[in-house]
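The structure appears below as structure tokens.
Residue numbers start at 1 and run along the sequence shown.
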Amino acid sequence: MAASLVRMCRGVAAPLMVTRRLMSASAGTFNNILVERTGSNNQVGVITLHRPKALNALCDDLMTEMNTVLDDFEANSDVRTIVITGHGKSFAAGADIKEMADRDFIGVYSGNFLSHWDRVTRCTKPVIAAVNGFAFGGGCELAMMCDIIYASSSAKFGQPEIKLGTIPGAGGTQRLTRAIGKSKAMELVLTGDHISASEAERIGLVSKVFEGDQLLPETIKLAERIGAFSQPVLQMAKEAVNKSQELSLAEGLHLEKRLFHSSFATADRREGMKAFAERRAAEFKDE
């Protein structure tokens with residue numbers, strides 16, 4: 001949730017120091033995010049949540065802007081991977097409580113409130129969250145929608161919605177349980193407590209933790225490594241891993257086998273195996 005949730009969850013995260021200049025992709029177009037291309041040949045698209053007065057709390061306008069950029073990045077073959085981070089001392093301190101406070105059941109139910117907030121889960125390109133501070137409520141949910149989470153040592157994660165008389169509504173009860181198990185997820189959801197980055201790494205919510213000034217460079221480095229592989233094969237790999245959360249083991253194994261078979265229709269699979277045999281680096285062409 002927004003800044004009030006940060007007050008509920010004690011502890012202040014140090015700001016992420018970003019030395020590069022972040023620019024809006026289209027001047028005057030975005031009010032809540034910053035967008036840039038970086039890395040080798042500008043192949044990494046970076047979306048920075050930028051609502052500094054609200055600790056980057058998520059609102060409909062921000063999510064709509066982010067979805068627009070995700071659409072653009074997906075359509076652009078030059079963008080191979082995507083990074084989502086937050087400006088300042090917060091990744092996203094939750095959903096904007098002021099935007100929700102006066103809504104009623106009929107409005108949120110008939111309007112299917114939050115229905116477009118999960119666009120990142122449908123992104124076919126790898127998406128990495130660089131969590132640089134508070135990731136509470138919707139912020140934690142957004143991070144979990146990404147394929148990989150890197151965090152700064154000062155990052156904090158939690159689902160404090162219970163303290164507001166509600167429950168997570170953008171995947172917090174579902175993705176958190178799948179990521180860390182029922183008991184720990186239930187504890188976090190029912191108490192509204194938060195955990196540190198080191199605890200999040202220990203229980204498997206976060207892949208790696210870095211000091212604040214290293215978080216974004218290390219995340220971009222990972223994005224570049226991943227982006228060097230075959231795009232269609234990366235898409236197959238993402239589909240297989242994501243479906244493991246929904247299918248039975250037998251169904252998942254069947255899908256995996258079929259996607260593995262499908263990779264044999266690509267020139268990149270032939271190139272990869274040929275390069276291995278010839279002891280050289282593969283040159284993938286996304287074919």
Side-chain angles (χ1 to χ4, degrees), residues 37-47 66-85 116-130 141-150 170-171 174-180 204-208 218-287:
R37 301 260 301 278
T38 189
S40 301
N41 300 316
N42 291 323
Q43 292 181 336
V44 180
V46 180
I47 300 172
M66 185 169 68
N67 292 350
T68 297
V69 176
L70 288 172
D71 288 343
D72 290 343
F73 280 166
E74 280 216 274
N76 189 338
S77 60
D78 292 333
V79 176
R80 303 182 68 82
T81 48
I82 300 166
V83 171
I84 298 177
T85 191
H116 67 289
W117 284 37
D118 64 351
R119 167 66 180 83
V120 67
T121 66
R122 298 188 296 279
C123 188
T124 59
K125 295 181 178 181
V127 183
I128 308 167
E141 290 170 313
L142 175 60
M144 290 190 292
M145 292 179 201
C146 299
D147 300 312
I148 299 171
I149 303 176
Y150 273 10
Q174 304 302 302
R175 293 189 178 91
L176 190 62
T177 304
R178 286 165 168 78
I180 66 176
L205 180 62
V206 166
S207 294
K208 290 184 181 178
E218 291 293 336
T219 304
I220 291 170
K221 186 186 300 183
L222 174 67
E224 289 189 277
R225 283 182 55 206
I226 292 172
F229 296 117
S230 166
Q231 289 290 299
V233 176
L234 284 171
Q235 186 174 344
M236 293 177 193
K238 273 194 59 166
E239 181 179 358
V241 174
N242 285 332
K243 287 297 183 181
S244 73
Q245 304 295 303
E246 305 171 14
L247 303 176
S248 68
L249 178 58
E251 292 169 328
L253 289 171
H254 178 74
L255 174 65
E256 178 190 74
K257 193 78 69 181
R258 289 309 187 201
L259 288 169
F260 167 72
H261 292 160
S262 298
S263 72
F264 279 69
T266 68
D268 285 340
R269 193 278 311 169
R270 292 190 294 275
E271 163 62 11
M273 293 187 176
K274 182 179 180 183
F276 177 82
E278 296 175 354
R279 298 185 179 182
R280 60 174 175 81
E283 297 180 7
F284 296 118
K285 297 181 179 180
D286 301 335
E287 298 174 349

To the nearest 0.5 Å, atom CH2 of Trp117 lies from atom CE of Met66 at 9.0 Å
Q: Look only at the side chain of Asn67 and the backbone of His116, and say whether a donor-acceptor pair between them is shorter than 3.5 Å.
A: yes
Any non-hydrogen side-chain atom of Val120 less than 4.5 Å from a side-chain atom of Ile84? yes
Heavy-atom nearest pair, Ser207 first then Tyr150, reads CB-CE1, 3.8 Å
Hey, are Lys221 and Glu218 close enough for a salt bridge, meaning a charged N less than 4.0 Å from a carboxylate O?
-> yes
Side chains of Met144 and Leu205: closer than 4.5 Å at any heavy-atom pair?
yes
Is Ile148 close to Pro126 at the side-chain level, that is, under 4.5 Å between some pair of heavy atoms? no
Rounded to the nearest 0.5 angstrom, the CG-CD distance for Asp268 and Glu287 is 7.0 Å
So CG of Leu70 and CZ of Arg122: to nearest 0.5 Å the spacing works out to 10.0 Å
In terms of heavy-atom contacts, Ala223 and Val83 come closest through CB-CG2, 4.1 Å
> Could you walk me through whether Arg119 and Asp71 pass the side-chain contact (heavy atoms from CB on, under 4.5 Å) check?
Replying inline: CA-CA 9 Å; Arg119 167 66 180 83; Asp71 288 343; 2.9 Å; yes
task = Run the salt-bridge test on Glu271 and Arg280 with the 4.0 Å N-O cut-off and return the result as yes or no.
result = yes
Q.
Please check if the number of heavy atoms outside Glu283 that lie under 6.0 Å from its CD is greater than 12.
A. no
- With a 4.5 Å limit on heavy-atom distance, are the side chains of Arg175 and Glu141 in contact? no
Query raised in the report: Taking the side chain as C-beta and beyond, is there a heavy-atom pair between Ser230 and Thr266 under 4.5 Å?
Result: no
When rounded to the nearest 0.5 Å, the distance separating CZ of Arg225 from CD1 of Ile220 is 15.0 Å
With no hydrogens and no angle check, is any side-chain donor or acceptor of Asn242 less than 3.5 Å from a backbone partner on Lys238?
yes
Which pairs of donor and acceptor atoms, one on a side chain in residues 39-47, lie under 3.5 Å apart (sequence neighbours left out)?
unit_1, atom_1, unit_2, atom_2, d
Ser40, OG, Glu224, OE2, 2.7

Of all heavy-atom pairs linking Ala275 and Ala282, the shortest is CB-CA, 3.6 Å
Taken to the nearest 0.5 Å, the spacing of Leu222 CG from Lys208 NZ works out to 7.5 Å
> With no hydrogens and no angle check, is any side-chain donor or acceptor of Thr124 less than 3.5 Å from a backbone partner on Gln235?
Replying inline: no
*asked:* Could you check whether any side-chain heavy atom of Val79 comes within less than 4.5 Å of a side-chain heavy atom of Arg37, counting everything from C-beta outward?
replied: yes
If we ignore hydrogens and angles and just use 3.5 Å, is the side chain of Lys243 paired with the main-chain N or O of Glu251 as donor and acceptor?
no
Query - Derivation and outcome, side-chain contact (heavy atoms from CB on, under 4.5 Å), residues Thr219 and Thr85 - result: CA-CA 10 Å; Thr219 304; Thr85 191; over 6 Å; no
Q) Is the backbone of Ile128 close enough, under 3.5 Å, to the side chain of Asp147 for a donor and an acceptor to pair up by distance? A) no
*asked:* Could you check whether any side-chain N or O of Arg80 sits under 3.5 Å from a backbone N or O of Phe229, counting only pairs where one atom can act as donor and the other as acceptor?
replied: yes
Here the gap from Ile82 atom CD1 to Lys125 atom NZ, rounded to the nearest 0.5 Å, amounts to 6.5 Å
